Each structure stands twice: as C-alpha cells, then as structure tokens.
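Below is one structure; the comments refer to it alone.
Both backbone and side-chain heavy atoms feed into the values below; hydrogens, waters and symmetry mates do not. Whatever order the structure lists them in is the order used to number ligands and atoms, beginning at 1. Keep in mind it's a predicted model, so treat the numbers as computed, not measured.
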Amino acid sequence: MSILFLADLAAEELGIWTQALRASLPDDDILAWTGDAACAPAAKVQAGVTVAIVANPPPGRLARLPGLRLVQSAWAGVDALLADPALPAVPLARLVDPQLAADMAEAVLGHVLALHRQMPAYRAQQARGVWQPLAQPRMAERRVGVLGMGEMGQASAALLAQVGFDVVGWSRRPREPLPGVAMASGADGLDHVLGTAQILVNLLPLTPQTQGLLGAGAFARMPRGAGLVNAGRGGHVVVPDLIAALDAGQIGHAVLDVFTVEPLPASDPLWRRDDVTITPHVAAPTDPRSAARAIAANISRWRAGEALVGLVDRGTGY
Ligand SMILES: NC(=O)c1ccc[n+]([C@@H]2O[C@H](COP(=O)([O-])OP(=O)(O)OC[C@H]3O[C@@H](n4cnc5c(N)ncnc54)[C@H](OP(=O)(O)O)[C@@H]3O)[C@@H](O)[C@H]2O)c1
C-alpha cells in the first residue's frame with residue numbers, strides 16, 4: 001500500500017520519523033513529502049496514495065490526494081487539522097500512544113508537586129533572601145482538578161491519585177470513576193471542579209466548546225490563589241484574563257506549556273512574570289518510535305475493517 005508521510009518538520013526529525021514508520025510498516029511503500037511544495041511527488045504517485053500520516057501538513061495539501069481513504073495524525077491534538085477547510089471527508093484518527101499519556105502524566109505530576117510544595121513562593125523568597133516557612137498542606141488535603149478525562153487526562157489523574165492527591169476529573173459525558181479519582185461532567189460538574197480545585201490541570205482538546213474556557217469567569221470561581229497548569233492548547237486560556245487574575249492574586253501561579261502562537265514571541269510579557277512558568281510545548285512530545293508502532297497498529301486495524309483507535313468525531317471536534 002502507498003502511504004504518504006506529509007509533514008512540515010526539520011530535515012533531521014523528518015528522517016527519524018520516516019525511518020520509524022518504515023520499520024513499523026515494512027510491507028508498505030512509505031513516501032515522505034515535507035512542507036516544501038516544490039518537492040511534491042509526481043501526480044501519478046500522489047494519485048496512488050490511500051493513507052496519509054500527517055504532522056503539521058500545510059493546509060490544502062491533503063486535498064491533492066484523490067485516492068485518499070484515511071488520515072492518521074502523528075499528534076494527539078487535531079485542532080489545527082480540522083481548521084483546514086480543504087480537509088478531505090475521509091476518516092481521521094488522532095494519535096493514541098500509551099507512551100505519550102505516560103509522558104504527560106509525568107510532566108503533570110512534576111508541575112503539580114512543584115505547586116503543591118510552593119516552589120514558586122520559595123523561589124520568590126530566595127530572590128529576596130527571606131527565610132520563612134510556609135504552612136504546608138498534605139497531598140490528601142490538596143484538591144487537584146483535571147479538565148479532560150481522555151488519554152492524557154486519565155493517565156495524569158490516575159498518577160496524581162496514586163501518589164496521594166485528592167483528584168477530580170471533568171469530561172463532557174459522565175464517566176465511571178477511576179481508582180482514587182472522582183468524576184464530574186457537564187456544566188454543574190465544571191462548577192464543582194472549579195469551585196474546589198486548588199490546582200487545576202487543563203488537558204482538554206481545543207474545540208469550539210472549549211476555546212477560551214479558562215477566562216475571567218472560570219478564574220473567579222476558583223479558590224483564591226489557585227495554581228493552573230495548562231498543557232492542553234494555548235487557545236483554552238484567555239491570556240489577558242489570566243494576567244488580570246494573576247495581578248489580583250486570584251490565580252497564584254500558572255504553568256503554561258502551550259500558547260496560541262508558538263514559539264511564544266520574545267516580546268510577550270508572560271516571559272517576564274515570576275508568577276508564570278513557561279515550558280516550550282514539551283509536556284508530552286510525540287516519540288516517533290512509539291508513535292510509529294501505534295500508527296502501524298491502527299492502520300492494520302483499518303485494513304482489517306476493525307474500528308480505528310482515536311477516530312475523530314468532526315461534530316464534537318475531537
Ligand atoms: N502539551 C503537550 O505536549 C500535549 C501533548 C499531547 C496532547 N496535548 C493536548 O491534550 C489534548 C487532549 O488529548 P487526549 O489524547 O487526552 O484527548 P482525548 O482522548 O480526545 O480526550 C479528550 C477529553 O476531553 C473531554 N472533553 C472534550 N470536549 C469537552 C467539553 N466540551 N467539555 C468537557 N469535556 C470535554 C472529553 O470528554 P469525553 O470523555 O466525554 O469524550 C475527553 O475526556 C490534545 O487535544 C492536545 O491538545 C498536549
């Protein structure tokens with residue numbers, strides 16, 4: 001089968017991906033097409049492509065593949081893909097890779113522990129040479145809310161509960177509780193999570209419903225001085241509202257891994273705030289080795305007529 005890896009990646013990364021995909025799909029013909037339009041495969045080759053594996057494909061590029069029957073994303077989030085009006089109406093699967101979820105859980109645990117142990121406050125005290133112990137709640141007394149109970153949210157919530165935090169997760173539809181994780185859903189559930197979470201972790205997909213969810217209204221409902229960890233998408237946070245909430249002390253500290261414009265411009269005032277921790281979209285980077293195996297398994301399922309893992313519902317946007 002002719003499979004096209006359509007990616008806008010640096011040459012080295014493209015090479016690593018192509019090699020990993022060829023190793024995981026040894027019986028298929030894997031072609032790579034970078035962001036450079038001038039490097040397009042011949043029209044006859046493009047016509048033979050049935051599956052496209054995509055990583056930041058330039059908008060409109062998929063529409064040039066007349067034989068396309070499946071699009072498999074190399075990323076967990078598909079908001080940028082769905083924003084392409086020329087995206088063909090074929091099944092679209094997002095990446096579901098247990099390694100990615102485990103990596104996200106590790107990152108979330110690290111940030112939540114740092115907020116729980118008041119590292120930003122101690123760092124501020126250190127800068128002023130202040131020796132001042134702060135009251136320290138136990139983990140079991142610290143409510144952590146996790147927005148999004150998908151692959152990323154479940155793994156993160158489960159790990160937070162395992163180490164001893166009081167965890168509540170929020171999803172669109174009601175879900176069965178996980179060990180140590182209470183569940184909430186819908187608008188009432190969001191009120192409950194926002195109203196009680198001293199640390200809020202965002203792992204929602206970016207959809208028309210979740211865009212701008214973390215704005216003034218949400219911050220006002222949170223306990224005063226709450227911590228925020230955003231590893232979902234930049235578009236979830238209304239940045240001017242976050243800055244106002246930080247200035248007012250309503251949000252104590254924000255850890256931001258994702259931004260509407262990446263890289264975050266050097267001129268952005270967020271860089272210079274002590275009450276903001278910035279990481280460059282590294283909470284859970286896709287590992288081409290494990291991702292290629294997960295992608296190959298999904299393509300095998302599709303070939304066998306089985307249900308795809310991570311099939312995107314275009315109605316809900318995730
Ligand atoms: N920073 C990074 O390095 C990084 C890495 C990977 C992923 N991500 C981000 O993480 C996001 C989540 O990934 P995932 O694989 O966990 O996605 P997923 O498996 O599709 O899970 C999405 C979760 O969000 C919930 N949800 C969606 N819309 C909602 C709404 N309107 N109200 C309430 N809950 C809603 C879903 O509810 P239901 O359970 O009811 O469907 C589900 O629990 C990605 O889209 C991406 O933006 C970031």
To which of [options] does the heavy atom nearest [atom] belong?
atom	options	answer
atom 17 (O) of ligand 1	Arg233, Arg94, Gln211, His281	Arg94
atom 4 (C) of ligand 1	Met104, Gln154, His236	Met104
atom 39 (O) of ligand 1	Glu151, Met183, Arg175	Arg175
atom 34 (N) of ligand 1	Arg172, Met149, Met152	Arg172

**Message:** Any heavy atom of Thr207 closer to ligand 1 than 4.0 angstrom?
**Reply:**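 No, that is not the case, since the closest heavy atom of the residue is not under 4.0 Å from the ligand.
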
**Request:** Enter the distance from Gln136:CD to Gln118:CD here, rounded to the nearest 0.5 Å.
**Result:**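 It is 4.5 Å, given to the nearest 0.5 Å.
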
**Asked** What distance separates Leu242 CG from Ile251 CD1, expressed to the nearest 0.5 Å?
**Response** 7.0 Å

Flag yes if more than 12 heavy atoms outside [X] fall under 6.0 Å of its [atom1] atom; otherwise flag no.
X	atom1	answer
Arg314	CZ	yes
Glu141	CD	yes
Arg69	CZ	no
Glu12	CD	no

**Message:** Under a 3.5 Å cutoff, is there a donor and acceptor pairing between the side chains of Ser2 and Asp29?
**Reply:**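 There is no such pair (donor and acceptor under 3.5 Å, judged by atom type) between the side chains of Ser2 and Asp29.
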
Considering only protein heavy atoms, which is closest to [atom], and at what distance to one decimal place?
atom	answer
atom 25 (C) of ligand 1	Leu204 CD2, 3.9 Å
atom 7 (C) of ligand 1	Ala76 CB, 3.8 Å
atom 32 (N) of ligand 1	Trp170 CH2, 3.2 Å
atom 21 (O) of ligand 1	Gly150 CA, 3.1 Å
atom 45 (O) of ligand 1	Pro205 CA, 3.3 Å
atom 44 (C) of ligand 1	Gly77 CA, 3.9 Å

**Prompt:** Any N or O of Tyr318 that comes nearer than 3.5 Å to an N or O of ligand 1?
**Reply:** yes

**Polar atom proximity, Ala231 to ligand 1 (N or O, under 3.5 Å)** = yes

**Message:** So if I count the atoms of ligand 1 from 1 in the order they appear, which ones are less than 4.0 Å from some heavy atom of Ala284?
**Reply:**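 Close to Ala284: 2 (C), 3 (O), 5 (C).
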
**Asked** Any sub-3.5 Å donor-acceptor pair from Trp271's side-chain atoms to Pro265's backbone N or O?
**Response** yes

Under a 4.0 Å heavy-atom limit, does [X] contact ligand 1 with its side chain, its backbone, both, or neither?
X	answer
Asp257	side chain
Thr210	side chain
Val96	neither

**Asked** Would Arg303 and Asp28 pass as an ion pair if we require N to O under 4.0 Å?
**Response** yes

**Item:** Asp247 with Arg273: basic N within carboxylate O range, under 4.0 Å
**Value:** yes

**Prompt:** Heavy atoms, side chains only, cut-off 4.5 Å: are Trp302 and Val51 in contact?
**Reply:** yes

